Amino acid sequence: MSCIFVIDDHPLMREAVAMLLRRLRTKANIVELDRLGIVQQAVAEHGQPELICLDLRLPDTHGVSGVREMRRMFPD
């Protein structure tokens with residue numbers, strides 16, 4: 001089963017994106033995260049994501065640093 005991470009600190013936005021993805025990818029495991037700092041924990045629990053939906057304005061990122069971090073963690 002594929003895994004998709006939805007990373008957004010705003011609960012309503014995160015839930016809306018996750019709900020849409022659940023409709024589009026009914027067999028995917030949609031994992032909701034509220035900050036970048038817990039991605040490693042989520043990978044340990046759910047496996048490596050096939051797709052990451054990332055908010056660019058998270059409290060624990062600066063500018064596009066979140067994108068850089070995700071590319072470093074998941075180069076493929």
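A quick note: this is a predicted structure, and the numbers were derived from the prediction, not measured.
Interatomic distance, Asp8 CG to Cys53 SG, rounded to the nearest 0.5 Å: 10.0 Å. Atoms CZ and CG, from Arg22 and Asn29 in turn, are 8.5 Å apart once rounded to the nearest 0.5 Å. A distance of 6.5 Å separates CG in Leu36 from CG in Leu58, rounded to the nearest 0.5 Å. In this structure, CD1 in Ile30 is found 5.0 Å from CG in Leu21, a value given to the nearest 0.5 Å. Note: Glu45 CD to Ile38 CD1 = 9.0 Å, rounded to the nearest 0.5 Å. Residue Thr61 holds its OG1 atom at 13.0 Å from CZ of Arg35, rounded to the nearest 0.5 Å.
When all heavy atoms are compared, the tightest approach of Gln48 to Met73 is NE2-O, 4.2 Å. Listed here is the closest heavy atom pair of Asp55 and Arg57: OD1-N, 3.0 Å. Of all non-hydrogen atoms in Val31 and Ala42, the two that sit nearest each other are CG1-CB, 4.4 Å. Minimum heavy-atom separation, Gly47 to Cys3: O-SG, 4.3 Å. A pairwise comparison of heavy atoms in Asp9 and Pro11 identifies O-CD, 3.3 Å as the closest pair.
Side-chain contact between Val43 and Pro49 is present, with at least one heavy-atom pair separated by less than 4.5 Å.
With respect to the salt-bridge test (charged N to carboxylate O, under 4.0 angstrom), the residues Glu50 and Arg25 qualify.
Leu56 and Ile52 fall within a single hydrophobic cluster, where Ile, Leu, Val, Met, Phe, Trp and Tyr side chains are chained together by heavy-atom contacts under 4.5 Å. Under a hydrophobic-cluster definition in which Ile, Leu, Val, Met, Phe, Trp and Tyr are linked whenever side-chain heavy atoms come within less than 4.5 Å, directly or via other members, Leu33 and Leu54 are assigned to the same cluster. Linking Ile, Leu, Val, Met, Phe, Trp and Tyr residues whenever their side-chain heavy atoms come within less than 4.5 Å leaves Val39 and Met13 in two separate clusters. A single hydrophobic cluster is not seen to contain both Leu51 and Val67; linkage of ILVMFWY side chains at heavy-atom distances under 4.5 Å, directly or through other members, places them apart.
Judged by distance alone, with hydrogens and angles left aside, the side-chain atoms of Thr26 form no donor-acceptor pair with the main-chain N or O of Arg23 at under 3.5 Å.
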